[in-house]
Amino acid sequence: MAEAAVKTAEPAAQAERELTDGFQLVIDALKLNGINTIYGVPGIPVTDLGRMAQAAGMRVISFRHEQNAGNAAAIAGFLTKNPGICLTVSAPGFLNGLTALANATTNCFPMILISGSSEREIVDLQQGDYEEMDQLAIAKPLCKAAFRVLHAADIGIGVARAIRAAVSGRPGGVYLDLPAKLFSQVMDAEAGAKSLVKAIDPAPAQIPAPIAVKRALDVLRSARRPLIILGKGAAYAQADDEIRALVETSGIPFLPMSMAKGLLPDTHPQSAGAARSTVLKDSDVVMLIGARLNWLLSHGKGKTWGAPYSKKFIQIDIEPKEMDSNVEIAAPVVGDIGSCVSALLEGMGSDWPSPPAEWIAAVNARKEENIAKMAPRLMKNTAPMDFHSALGALRTIVKERPDIILVNEGANTLDLARGIIDIYKPRKRLDVGTWGVMGIGMGFAIAAAIETGKPVLAVEGDSAFGFCGMEVETICRYRLPVCVVVFNNDGIYRGTDVNPSGGPDVATTVFVKGARYDKIIEAFGGVGANVTTPDELKRAVNEALDSGKPTLINAVIDPAAGSESGRIGNLNPQSMLRKK
Ligand code: ADP
Ligand code: TPW
Ligand code: MG
């Protein structure tokens with residue numbers, strides 16, 4: 001269509017007319033919608049897109065693997081509420097990015113995977129084009145929406161639709177398929193500019209029905225042992241002041257899911273984090289705010305929740321289909337969290353009764369008991385470090401520097417850090433999310449540094465780090481203030497397993513002993529350090545954070561200290577036939 005318009009123009013007139021092309025229109029469409037950063041890997045057919053975007057003043061961050069670029073885009077979406085963009089080449093690059101797109105969708109993070117693709121005529125006849133693959137069909141079941149643009153004049157609409165699909169309602173991943181031929185299509189520049197669309201109010205407020213708000217307040221008022229659970233949807237919503245006001249006005253103990261930590265500080269008197277099992281088991285009314293009753297909350301039933309005794313749930317979520325997904329929801333409140341929480345607050349008025357004193361006292365007693373039990377384990381200063389003593393050192397650092405962003409993955413390294421390191425501000429803890437996926441660390445750390453300008457501390461299991469470790473080159477190349485601490489316990493969960501056959505191969509969970517991950521970053525001009533005690537660890541991390549230099553600290557952890565699958569060993573099926 002656009003090509004035809006150009007071809008029919010008079011040659012002289014054509015020479016005078018200003019032209020644009022598919023590359024430029026994609027860039028203009030993104031910029032018009034306030035998107036100024038692209039995470040990706042170059043190659044045919046998107047190399048010029050990256051170049052031209054950079055020339056147009058966009059930040060284009062090139063990675064070593066698309067999965068890490070995709071993870072960066074996903075967490076940029078979580079942090080900013082604007083979809084993060086991941087740009088890849090066709091088939092293999094697309095597939096590498098697709099894992100991140102699926103993970104973003106699972107976690108309700110808005111992102112757009114833009115992949116170049118081969119020519120439709122050849123792909124559809126399966127004639128073996130360069131990097132041939134029916135990418136749109138493959139992406140569809142793994143994301144919220146998938147679109148393909150065939151004409152340059154439709155790029156504006158395509159980008160606007162992708163943005164709306166990513167951020168409206170429950171956020172998620174969107175795939176945008178751009179065939180190679182599209183990029184070089186030319187059209188009149190003025191017509192091109194007119195074809196662009198700025199998405200107005202792409203994530204409109206969704207106001208809850210007054211009757212739903214009243215029902216929720218009635219259920220909450222009837223509670224003897226109420227609990228509020230904050231999930232990462234609450235962190236995403238950026239309704240921080242309203243959420244804090246709701247929690248404090250109600251006086252109800254709150255439990256943050258891992259990426260909701262810091263919405264209110266973990267040291268807040270109403271935090272029930274240190275009494276998690278007690279509040280889940282003994283509460284009678286539970287209000288979920290942006291948290292799903294999935295495996296991370298034992299599906300809202302069973303022993304964890306004190307079954308056979310059943311409780312009443314109030315659930316605030318933008319996705320109506322989430323209600324009753326695992327157990328009956330007595331009071332569904334469907335809407336965006338900002339609007340819902342404001343409506344609840346208004347309904348509570350100024351004379352909302354405090355929860356019964358016995359309940360608060362019971363929660364506080366359990367909290368104090370657990371905190372006292374943990375304290376001495378965090379203060380040991382001996383070598384080799386175990387998880388508790390190493391995390392005790394990092395806990396102090398985060399307390400002294402509440403603005404740093406903590407990225408965290410691994411098994412023991414994840415589960416124990418989640419409990420031990422207090423977070424003081426919203427969206428300062430980024431981790432493996434709903435799937436418990438390994439390899440998000442470097443992508444998240446890079447995007448967190450780029451999007452917020454704040455220093456990042458990435459606490460990584462040695463296995464987790466291995467999934468994305470090459471991106472330390474990216475961290476060095478862009479000189480990002482990222483300090484990576486690798487908890488090196490020689491393997492997955494532990495470094496002490498042995499090959500049951502007695503053969504020459506090491507056990508399946510074990511890595512090279514005494515590995516020096518710090519040497520990796522030195523290869524790229526970053527700062528490496530090897531530490532064996534909590535004091536050394538503290539010193540090295542403080543130095544890194546003070547200098548802002550890319551740093552990787554190899555923290556030697558007792559290879560025997562970890563447990564299988566960290567805190568979720570109960571989900572791990574084990575063969576009765578296994579040889580010890
Ligand atoms: P967690 O893992 O922290 O428990 P989940 O990812 O399970 O959190 O749940 C997040 C929930 O938040 C999802 O059900 C999603 O629909 C919801 N959500 C995300 N953003 C908003 C928003 N702005 N308003 C309301 N609900 C939201
Ligand atoms: C994409 C399975 C869960 S945890 C883990 C693996 C491989 C590594 C644990 O070892 P690590 O931590 O990081 O050294 P630690 O402290 O306990 O020693 N592939 C993907 N995701 C997951 N979750 C796995 C495999 C897994
Ligand atoms: Mg390990």
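Count residues from 1 along the sequence. All heavy atoms count here, side chains included; hydrogens, waters and symmetry mates do not. Just so it is clear, the structure is predicted and the values come from calculations on it, not from any experiment. Note that ligands are numbered from 1 as they come in the structure, with each ligand's atoms numbered from 1 the same way.
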Handout entry: Closest protein heavy atom (residue, atom, distance) for atom 14 (O) of ligand 1
Key = Asp317 OD2, 2.5 Å
Handout entry: Note, Arg427 side chain near Thr452 side chain (heavy atom, < 4.5 Å)
Key = no
Problem - For Tyr236, atoms of ligand 1 separated by under 4.0 Å from a heavy atom - result: 20 (N)
Practice task
Using a cut-off of 6.0 Å, state whether more than 12 heavy atoms not belonging to Glu328 lie near its atom CD.
Solution key: no
Handout entry: Nitrogen or oxygen of Ile318 less than 3.5 angstrom from that of ligand 1
Key = yes
Practice task
Heavy-atom contacts with Arg170 under 4.0 Å: which atoms of ligand 1 show up? List them by number with element.
Solution key: 13 (C), 14 (O), 15 (C), 16 (O)
Completion exercise
Closest to atom 25 (C) of ligand 1 among protein heavy atoms sits Ile337 CG1, 3.1 Å
Handout entry: Test ring pair (Phe, Tyr, Trp, His ring centres under 6.0 Å) applied to His65 - qualifying residues, sequence neighbours left out
Key = none
Practice task
Would you mind checking if Arg244 and Asp240 are paired as a salt bridge, meaning a charged N to carboxylate O distance below 4.0 Å?
Solution key: no
Practice task
Could you tell me the residue and atom name of the protein heavy atom closest to atom 3 (O) of ligand 1, and the distance to it rounded to 0.1 Å?
Solution key: Lys232 N, 2.7 Å
Practice task
With heavy atoms only and a cut-off of under 4.0 Å, state how Met257 meets ligand 1: side chain, backbone, both or neither.
Solution key: side chain
Handout entry: Distance, nearest 0.5 Å, that separates CG of Asp431 from OG1 of Thr413
Key = 12.5 Å
Exercise for the section: To the nearest 0.5 Å, tell me how far Ser339 OG sits from Ile318 CD1. Expected result: 8.0 Å
Handout entry: Nearest neighbour in protein (non-hydrogen) for atom 19 (C) of ligand 1
Key = Gly233 CA, 3.7 Å
Practice task
Can you sort out which atoms of ligand 1 are near Asn294, meaning under 4.0 Å from one of its heavy atoms?
Solution key: 7 (O)
Problem - Per-residue contact class, Cys108 against ligand 1 - non-hydrogen pairs under 4.0 Å - result: side chain
Handout entry: Contact atoms of ligand 1, heavy-atom distance to Gly231 under 4.0 Å
Key = 3 (O)
Fill in the blank from the handout: Hits for salt bridge (Lys or Arg N to Asp or Glu O under 4.0 Å) against Lys425, two or more places apart or cross-chain, chain-then-number order -> Asp403
Handout entry: Lys/Arg-Asp/Glu bridge criterion (N-O < 4.0 Å) met for Glu322, Arg170
Key = yes
Problem - Taking atom 5 (P) of ligand 1 as the reference point, the nearest protein heavy atom with its distance - result: Arg292 NE, 3.4 Å
Exercise for the section: For atom CZ of Arg377, decide whether the heavy atoms of other residues, nucleotides or ligands shown that lie under 6.0 angstrom number more than 12. Expected result: no
Practice task
Indicate yes or no: does Asp415 engage Arg418 in a salt bridge with an N to O separation below 4.0 Å.
Solution key: yes
Exercise for the section: Number the atoms of ligand 1 from 1 as they appear, then name those within less than 4.0 Å of a heavy atom of Gly290, with their elements. Expected result: 8 (O), 9 (O), 10 (C), 11 (C), 12 (O)
Exercise for the section: Assess whether atom CD1 of Ile211 is packed by more than 12 heavy atoms of other residues, nucleotides or ligands within 6.0 Å. Expected result: no
Problem - Aromatic plane relationship, Phe313 with Trp305 - under 30° parallel, 30 to 60° tilted, over 60° perpendicular - result: perpendicular
Completion exercise
The number of protein N, O or S atoms lying under 2.8 Å from the Mg ion (ligand 3) is 3
Practice task
Would you mind running through ligand 1 and noting each atom that sits below 4.0 Å from a heavy atom of Gly335?
Solution key: 24 (N), 25 (C)
Problem - Lys81, NZ: over 12 other non-hydrogen atoms inside 6.0 angstrom - result: yes
Practice task
Could you check whether the rings of Phe254 and His268 sit parallel, tilted or perpendicular, using 30° and 60° as the cut-offs?
Solution key: perpendicular
Practice task
Output yes when Lys261 and Asp266 qualify as a salt bridge under the 4.0 Å nitrogen-oxygen rule, no when they do not.
Solution key: yes
Problem - Flag if over 12 foreign heavy atoms under 6.0 Å of CZ, Arg161 - result: no
Problem - First-shell residues of ligand 2 [heavy atom, distance under 4.0 Å] - result: Phe387, Gly410, Ala411, Asn412, Thr413, Gly436, Val437, Met438, Gly461, Asp462, Ser463, Ala464, Phe467, Asn489, Gly491, Ile492, Tyr493
Completion exercise
atom 23 (N) of ligand 1 has as its nearest protein heavy atom Ala237 CB, 3.8 Å
Problem - Arg395 and Asp422 ion-paired at < 4.0 Å - result: yes
